There are 2 protein chains.
Amino acid sequence: MTTTREKILATTSQLMEAQGYSATGLNQIIEESGSPKGSLYYYFPEGKEQLTEEAIRQAGEMISEQMTAMLDAEENLAEAFGGFVDALSQRLLSSGCRLGGPLTTVALETANTSPRVNQVCQEMYRTWQEIFRARLERGGFSAERAASLAVFINAAIEGGIILSRTRHTAEPLLQVARELRLLLSTE
Amino acid sequence: MTTTREKILATTSQLMEAQGYSATGLNQIIEESGSPKGSLYYYFPEGKEQLTEEAIRQAGEMISEQMTAMLDAEENLAEAFGGFVDALSQRLLSSGCRLGGPLTTVALETANTSPRVNQVCQEMYRTWQEIFRARLERGGFSAERAASLAVFINAAIEGGIILSRTRHTAEPLLQVARELRLLLSTE
DNA sequence: GTCTATATGCAGATAGAC
DNA sequence: GTCTATCTGCATATAGAC
């Protein structure tokens, strides 16, 4: 069952992923989700920031789950990460290079303007890095190396998303996948 | 001599780097630059998109020059790239983690909404990657490996900027610098 | 829970005086 | 070249009926 509240949240994260925070209006969210217009402030009385916070958290946690599942399913370390980034670029490609990174744009836009949204973005990035770190340590890296590499991998992926979305091709992100495979198999 | 036109351009790229495209209003640009209000549409008759295009190009080319200079000045390959990223994080830090990457935010925001701005962002990223590629080839990498690594390095840097701005610390970008040093000295 | 109507403000852009 | 005034539209948010 999909409640009105859930439809609003799903539409919000999708639109914000594609357009960013400022460019996404509440009217557009209502319209696109086909939700009753009066419901938005009923479910999210604190307005756009509250709505965004919840949407970002939900989208971030969905990625976390997919990430954990994929990294655990593959025994080989390099292939585990390579495969995960391949999956991301698949998602990017099948959306016409519009979707890619539910946090990326919003995190940048709100870093210095909305403490509330910034907080949840920090939290999500930390969660992802922790998942990476744990998998790297399990794959044989020392605690220290794993922690540093986790941040680096996170950065490479986010940057790959920027380049792919700007160039309207999955190629940059696929190159990131290839380089990560090399990096993790040689070390 | 700083003309009115130049002041408007400089203020635009600075504000957009910190706040993004949508969040930066023309009124704010006028106000902050201390420019005569009537001048904006005199110098940039095609409006916000034209202004942004020129501001992004100017800022991107400034980075290109600094990049070329720094990469050429250091003989050791790993240190050349490491030092350049260190310099970026220095810039980020001294702006209170607000500035960092004149393209990053704007490139994401306008990727699917303004062909004109998107075009110049693509152009600038290509230019940077070409500079990286040439330096990597000069440092001993094959043509093919250099091209692929150049994109990867570009991605890691842009992603490091996202993480640093989100977390309000230079640390992530500094970690990128460290990992790049490792990557380029072992291969 | 959902509706309509609306308050309020700022956005980008334009016109015309000087 | 610069200024002021203004058009038009959409943004977030709120009030109150049903």
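A quick note: this is a predicted structure, and the numbers were derived from the prediction, not measured. Protein chains get the first letters and strands the later ones, always in sequence-line order, with residue 1 at the start of each.
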- Distance below 4.0 Å between B/Tyr42 side-chain N/O and D/dC3 OP1 or OP2: no

- Task: Could you tell me whether B/Thr24 contacts a base, only the sugar-phosphate backbone, or nothing, with contacts defined as non-hydrogen atoms closer than 4.0 Å?
- Result: sugar-phosphate

- Message: In whole Å, I'd like the distance from the CD atom of A/Gln50 to the P atom of D/dT14.
- Response: 12 Å

- What closest approach, in Å, do B/Val117 and B/Glu49 show between heavy atoms, and which atom pair accounts for it? CG2-O, 4.1 Å

- To the nearest Å, give me how far apart CG (A/Leu40) and P (C/dT4) are. 15 Å

- Message: Strictly below 4.0 Å, N to O, side chains only: are A/Arg178 and A/Asp86 in salt-bridge contact?
- Response: no

- Interatomic distance where OH belongs to A/Tyr21 and P belongs to D/dA11 [whole Å]: 14 Å

- Message: Taking the nucleotide of DNA chain D with the nearest heavy atom to each, does A/Ala23 or A/Pro45 sit closer to the 5' end?
- Response: A/Ala23

- Check the side chains of A/Thr11 and A/Glu32 for a donor-acceptor pair under 3.5 angstrom, ignoring hydrogens and angles. no

- Note on the structure: Taken to the nearest whole Å, OH/B/Tyr43 to P/C/dG12 is 20 Å

- Item | Flag if over 12 foreign heavy atoms under 6.0 Å of CD, A/Glu31 | no

- Query: Can you tell me how far C1' of C/dG1 sits from NZ of A/Lys7, to the nearest Å?
  - Reply: 13 Å

- Message: What is the distance, to the nearest angstrom, from the CG atom on B/Leu26 to the C1' atom on C/dG9?
- Response: 16 Å

- Note on the structure: Looking only at D/dC3, C/dC3, C/dG12, the nucleotide nearest the B/Pro36 side chain is D/dC3

- Query: Which part of the nucleic acid, if any, lies within reach of A/Asn27 when heavy atoms closer than 4.0 Å are counted: base, sugar-phosphate only, or nothing?
  - Reply: base

- Message: Check the phosphate of D/dT12 against A/Lys48, side-chain N and O only, distance under 4.0 Å to OP1 or OP2. Yes or no?
- Response: yes

- Using a cut-off of 4.0 Å on non-hydrogen atoms, how would the nucleic acid contact of A/Tyr41 be classed: base, sugar-phosphate, or nothing? base

- Message: With a 4.0 Å cutoff (strictly under), does any side-chain N or O of B/Ser39 reach OP1 or OP2 of D/dT2?
- Response: yes

- Calculate the interatomic distance between B/Ile30 atom CD1 and C/dA13 atom P; express it in whole Å. 13 Å

- Message: For D/dG1 and B/Thr4 - does any side-chain N or O of the residue sit under 4.0 Å from the phosphate oxygens OP1/OP2?
- Response: no

- Item | For atom NZ of A/Lys37 and atom P of D/dT14, their distance in whole Å | 16 Å

- Task: Can you see which heavy atom on B/Ile161 is nearest to which on B/Gly100, and at what distance?
- Result: CG2-O, 3.1 Å

